[in-house]
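Inspection log for the structure reproduced underneath, given as C-alpha cells.
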Amino acid sequence: LEGKRALVTGASSGIGLAAAVALAQAGAHVVLVARGMQALDAVTAEMTAAGLSAQSLQLDITDLAAAEAAVEDHGPFDVLVNSAGLARHAPALETTSEVYDAVMDVNVRAAYFLTRNVAKGLIAAGRGGSLINLSSQMGHVGGVDRSVYCATKHALEGMTKAMAIEWGKHGIRVNTLCPTFIRTPLAEQTLAIPERRAWIESMIKLGRVGEIEDIMGPVVFLASDASALMTGTSLLIDGGWTAD
C-alpha cells in the first residue's frame with residue numbers, strides 16, 4: 001500500500017484501530033477518524049513514534065456536512081474502512097424508536113454517505129480504490145437481542161453490492177468485512193455474560209473468540225491489489241459461524 005491514502009473511521013480503539021495500524025504497516029498514510037480527540041491523538045502519536053505514517057481527524061460521521069467537507073479537504077482516499085459502529089442490544093419487543101434511530105444513523109446512514117463521498121473524490125480524480133465496510137457475521141445470520149443491529153448489517157451488505165455494481169466501471173471496489181465476535185470494548189458487554197459467551201464459543205467452529213490481530217491481515221488483503229478481482233462481496237472472518 002505504499003503511496004496510498006487511507007481513511008479509517010472508529011479508529012481510536014478496537015477493530016478500527018487494528019485496521020489503521022495494519023494499513024499503515026503495509027505502507028499507507030492513514031487518516032484516523034473518531035469523535036474523541038484525546039484517545040485518537042494518543043494512538044496516532046504511538047503510530048508515528050513507531051515510524052508509521054498517520055494523522056488524526058476529529059469527526060462525528062453522523063454530521064453529514066462535516067464528513068463530506070472532511071473528505072474533500074483531506075482526500076482523495078485510495079482506501080476507506082468504515083469501522084465506526086454502534087450496538088445497543090435488546091429484545092425486539094423492547095426496542096425503542098430512539099435506539100433504532102441511533103444505531104441506524106451510525107451503522108447505515110453515516111456509512112452510506114461517507115462511502116459515497118470517498119467514491120465521488122476518487123471518480124473526480126480519475127482513480128480507482130478499495131472501499132471496505134465493516135459489516136458482521138450478523139449481516140448474514142440473525143442473533144438473539146440483535147434485531148436492530150442485524151438490520152443495519154444486512155442493509156450494509158445490500159448497499160455494498162449496489163455500489164460495487166455502479167462504481168466498478170471506475171475501478172472502485174466495494175466489499176464488506178464480516179467478523180465474528182472480536183475481543184474489543186464493544187464486544188465485552190456480551191462476552192462478560194457467561195451463558196452468552198458459552199453460546200458464542202459453541203457457534204464458532206474454531207472454538208475461540210476472535211482477537212483484533214485476526215482482522216489485520218484481511219483488511220490489508222481487501223485494501224490491496226491482492227484482492228483486485230473482488231468487489232460486491234463479503235469476506236467472512238467468523239471462525240465458521242455461518243458455515244451451518
[X] versus [Y]: any side-chain heavy-atom pair under 4.5 Å?
X	Y	value
Ile61	Phe113	no
Glu157	His140	yes
His74	Arg5	yes
Leu32	Leu57	no
Leu156	His154	no
Val209	Leu191	yes
Ser234	Cys178	yes
Thr190	Arg197	no

Under the side chain to side chain donor-acceptor pair (under 3.5 Å) rule, what do Thr160 and Thr176 come out as? Steps first, then yes or no, please.
-> CA-CA 7 Å; Thr160 295; Thr176 62; 5.5 Å; no
Go through the structure and list residues passing ring pair (Phe, Tyr, Trp, His ring centres under 6.0 Å) with His29, not counting sequence neighbours.
-> none
Between [X] and [Y], is any side-chain donor less than 3.5 angstrom from a side-chain acceptor?
X	Y	value
Ser56	Asp41	yes
Gln55	Thr44	no
Thr180	Asp238	no
Asp60	Thr62	yes

Determine, stepwise, if the pair Thr184 / Ile15 fulfils side-chain contact (heavy atoms from CB on, under 4.5 Å).
-> CA-CA 7 Å; Thr184 66; Ile15 290 174; 4.2 Å; yes
Considering all heavy atoms of both residues, which atom of [X] and which atom of [Y] are nearest to each other, and what is their separation?
X	Y	value
Ala39	Ser12	CB-CB, 4.1 Å
Val8	Ala20	CG2-CA, 4.1 Å
Gly121	Pro76	O-CB, 3.9 Å
Arg183	Glu188	CG-OE2, 3.3 Å

So how far is it from [X] [atom1] to [Y] [atom2], rounded to the nearest 0.5 Å?
X	Y	atom1	atom2	answer
Ile172	Leu122	CD1	CG	4.5 Å
Thr9	Leu59	OG1	CG	9.0 Å
Glu211	Asp214	CD	CG	6.5 Å
His89	Cys150	NE2	SG	8.5 Å
Asp105	Tyr100	CG	OH	11.5 Å
Ser53	Met47	OG	CE	8.5 Å

Could you check Leu80, Asp78, Val79, Leu7 and say which one makes a side chain to side chain contact (heavy atoms under 4.5 Å, CB included) with Leu131?
-> Leu80
Derivation of the side chain to side chain donor-acceptor pair (under 3.5 Å) call for Thr152 and Arg146 = CA-CA 10 Å; Thr152 65; Arg146 283 167 170 74; over 6 Å; no
According to a hydrophobic-cluster definition based on side-chain heavy atoms being under 4.5 Å apart (Ile, Leu, Val, Met, Phe, Trp, Tyr only), do [X] and [Y] belong together?
X	Y	answer
Leu236	Val141	no
Leu40	Ile212	yes
Ile123	Phe77	yes
Leu52	Val33	no
Ile237	Leu17	yes

With a 6.0 Å cut-off (strictly less than), is the heavy-atom count around [atom1] of [X], excluding the residue itself, greater than 12?
X	atom1	value
Lys161	NZ	yes
Arg116	CZ	yes
Glu195	CD	yes

Residue pair Asn82, Thr115: steps toward the side chain to side chain donor-acceptor pair (under 3.5 Å) verdict = CA-CA 8 Å; Asn82 256 323; Thr115 306; 2.7 Å; yes
Between Lys153 and Val108, does a side-chain contact (heavy atoms from CB on, under 4.5 Å) hold up when you go through it step by step?
-> CA-CA 8 Å; Lys153 296 307 183 181; Val108 181; over 6 Å; no
Side chains of residues 215-226: which donor-acceptor partners sit under 3.5 Å, not counting sequence neighbours?
from, atom 1, to, atom 2, distance (Å)
Ser224, OG, Val220, O, 3.1
Ser224, OG, Phe221, O, 3.3
Ser224, OG, Ala226, N, 3.2

Ion pair check, Lys120 and Glu68, cut-off under 4.0 Å = yes
Salt bridge Asp145-Arg88, side-chain N to carboxylate O under 4.0 Å | no
Kindly determine whether Thr95 and Ser147 satisfy side-chain contact (heavy atoms from CB on, under 4.5 Å), including the steps that lead there.
-> CA-CA 9 Å; Thr95 301; Ser147 56; 4.1 Å; yes
Walk me through it: do Val81 and Leu134 pass the test side-chain contact (heavy atoms from CB on, under 4.5 Å)?
-> CA-CA 7 Å; Val81 180; Leu134 236 301; 4.0 Å; yes
Flag, side chain of Ser227 to backbone of Met230, donor-acceptor distance under 3.5 Å | no
Do the ring planes of Phe181 and Trp241 sit parallel (below 30°), tilted (30 to 60°) or perpendicular (above 60°)?
-> tilted
